[in-house]
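The structure appears right after this line, and notes come after that.
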Amino acid sequence: MINKNYVVPMGEINKNSFYELEITRGEGSYLIGTDGKKYLDLRSGLWNVSLGYNSELNNRILTVFQDLIGKQLPYLDLSSYIHPLYQIYSEQLLDFINNGQSERYSKVFYTNSGSEGTELVTKLVRHICGPNKRIVTFDRSYHGTFYAGISANGIEQDITAPYAPKVGGFVHIKTPENEDEEIQLLQHIENHHQSIGALLFEPVIGSGGVHVFRQSFMQELKNILDKYNILLIFDEVATGFFRVGQRFAFHELKIVPDLIILSKSINNGTTPMGAVVMKESLCQWFEEKKIYIEHFSTQNGNLLGIASAMETLKFYKEKEEMLLTNVKKIEKIIRDSITTHTKVNGKGAMFSIPINDRLQTMRIAEELKKLGILTYLYINSERDNGLTLFPPLLIESSILKRAMKMVVRRV
C-alpha cells in the first residue's frame, strides 16, 4: 500500500484508490495513464463526466474562466453581490427544464453537490410539511453522504450506523421490483398518508444497481401523492441531462415533481456545482408565508461553477439531436450485446449487470481494467452486486461495441 498524505474518500483512512491508476490526461472517452496506456472510461458518467473528456467543451469553459480570472473575479459572495451570471444561467436552466411543460419551475437554488441538494430539500420539506411528517425513500436509493443524505439513503445503512443519531423523519421502504410490490407500495402510502410529507427518490435508481420503474406505476404513484398532497422530489443527479434519453427523466415520465435535485452532469464535473429547482406553486407558497430559509454554503453560486455550467448547457442544447440519437444507440448496443445474460437492468446510457458474487465482481472489474476498460461496481451485499456501465454520452458506437464484447465474455 502506497502511503498518501491525502485521504481517499469512502473507506479506511489509509485506503488506496479503487484502480490505483495515475492519470495524466483525458481524451474523448478515454483516460490516459502515465505509461501512455488508454483506458476506456465506462464509469465516469456516474462520476460527473457525462460528456467525457471533450476538448471542444473544455476549450469553451477555459475561455470563460480566463475572462473571469482576467477580471480578478475567481469568487463572489452570492449573498452579498449581484453578477449577471446568476440571473442569466438560472433563466437558461429553467427554460431548458421547463421545455413546454404546463407546470413550471421558477426558482433555482445554487448548491455545490447532490449531497448538499439532499440537505436543502430536507429543510424545504420541513418548512412545508412540518417536523412530524416523514420523508419516504427506497431501500436501494442513494442521496449522498451529508447527514440528510446518509439518513435518506436506503443503501449503506450499516456502513453509516456509527454516525447515529442520524437525521430523523426518514422512512425506507422496499423498492418495488414487480407488480405485486408496486401494489404494496401504493397501499402503504394509502394507509400511512397522514404521516407522510414527501417521497424522495431517483426516477431511475443508479448507485445501488440500475433499476427502472414502469411508467404506468409511476403515474399511479403520482396520482396517489397528489390525492394526499404529498410532495414528490426527484433526485436527478444521475439521470439528468440526457443520461436516460430525454433531457431529464421526468420529461419522459410526463410527471412533474415538486422539487428536483441536480448536480454532476450540470457542468460535466468541471467544478463543484449543483442546483435544486422548485415548482412555481411552491415558490408562491414560500413567498406568501415569508419563510426564512436557513441554508448556505460559502461556494454556492461560485462564478466559475456557474460559468462552466452555462457553457455546458449551451453545449447540450447545440448537440441535443446528436445526444438523443447517441443515447438510443448506446442502449441498443448494450442490450444487443448481453442478450444471453440472465438479467440486465437499465435504460438509455445507464445499465447494471448483476453478478451477485462479490469476489467475482471484483475479479471481473480487475480483468477489464487490464484490458483497458474501466467500469463501476455496485456492492450492496455479498449476494447483491455487479457491474454498472455509465459510458460517455458521445462515445463512438464502434468503440462501445468492441468494449461490450470484452465485457460479455467475462460476465
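Here the structure is a predicted model, which is why all the values come from computation and not from measurement.
Residue E366 qualifies as enclosed at atom CD: its count of foreign heavy atoms under 6.0 Å is above 12. Summarising the local packing, NZ of K317 is surrounded by more than 12 heavy atoms from other residues, nucleotides or ligands at distances under 6.0 Å. Environment of NZ in K123: crowded, with over 12 heavy atoms of neighbouring residues, nucleotides or ligands closer than 6.0 Å. For R134, the CZ atom is loosely surrounded, since the number of other residues' heavy atoms within 6.0 Å does not exceed 12. For NZ of K107, the number of neighbouring non-hydrogen atoms (other residues, nucleotides, ligands) closer than 6.0 Å is 12 at most.
Using a 4.0 Å cut-off between charged nitrogen and carboxylate oxygen, E202 and K347 do not count as a salt-bridge pair. Under a 4.0 Å N-O distance rule, the pair E367/K370 does not qualify as a salt bridge. A salt bridge links K314 with E311: the distance from a Lys NZ or Arg NE/NH1/NH2 to an Asp or Glu carboxylate oxygen falls below 4.0 Å.
Below 30°, between 30° and 60°, or above 60°: for F286 and H127 the angle between ring planes is above 60°, a perpendicular geometry. Relative ring orientation between F234 and F201 is described as perpendicular, the plane-to-plane angle rising above 60° on a 0-90° scale split at 30° and 60°.
Inter-residue side-chain proximity for M322 and T325 is flagged as unmet; no heavy-atom pair is nearer than 4.5 Å. Residues F390 and R43 have side chains not in contact (no heavy-atom distance under 4.5 Å, counting atoms from C-beta outward). For the pair L124/L282, no side-chain contact is recorded, criterion being any heavy-atom separation below 4.5 Å from C-beta on. The side-chain heavy atoms of I266 and T312, taken from C-beta on, include no pair separated by under 4.5 Å. Here the side chains of Y378 and L46 are not in contact, with every heavy-atom distance at 4.5 Å or above. Within the 4.5 Å cutoff, no side-chain heavy atoms of Y30 are placed close to those of Y39.
Both the sub-6.0 Å distance and the 45° axial angle are not jointly satisfied by K166 relative to the ring of Y163.
Looking only at distances, a side-chain donor or acceptor of S115 sits under 3.5 Å from a matching main-chain atom of T145.
Residues F248 and F241 place their aromatic rings such that the two centres sit under 6.0 Å apart.
In this structure, K37 and K369 approach most closely via the heavy-atom pair NZ-O, 4.0 Å.
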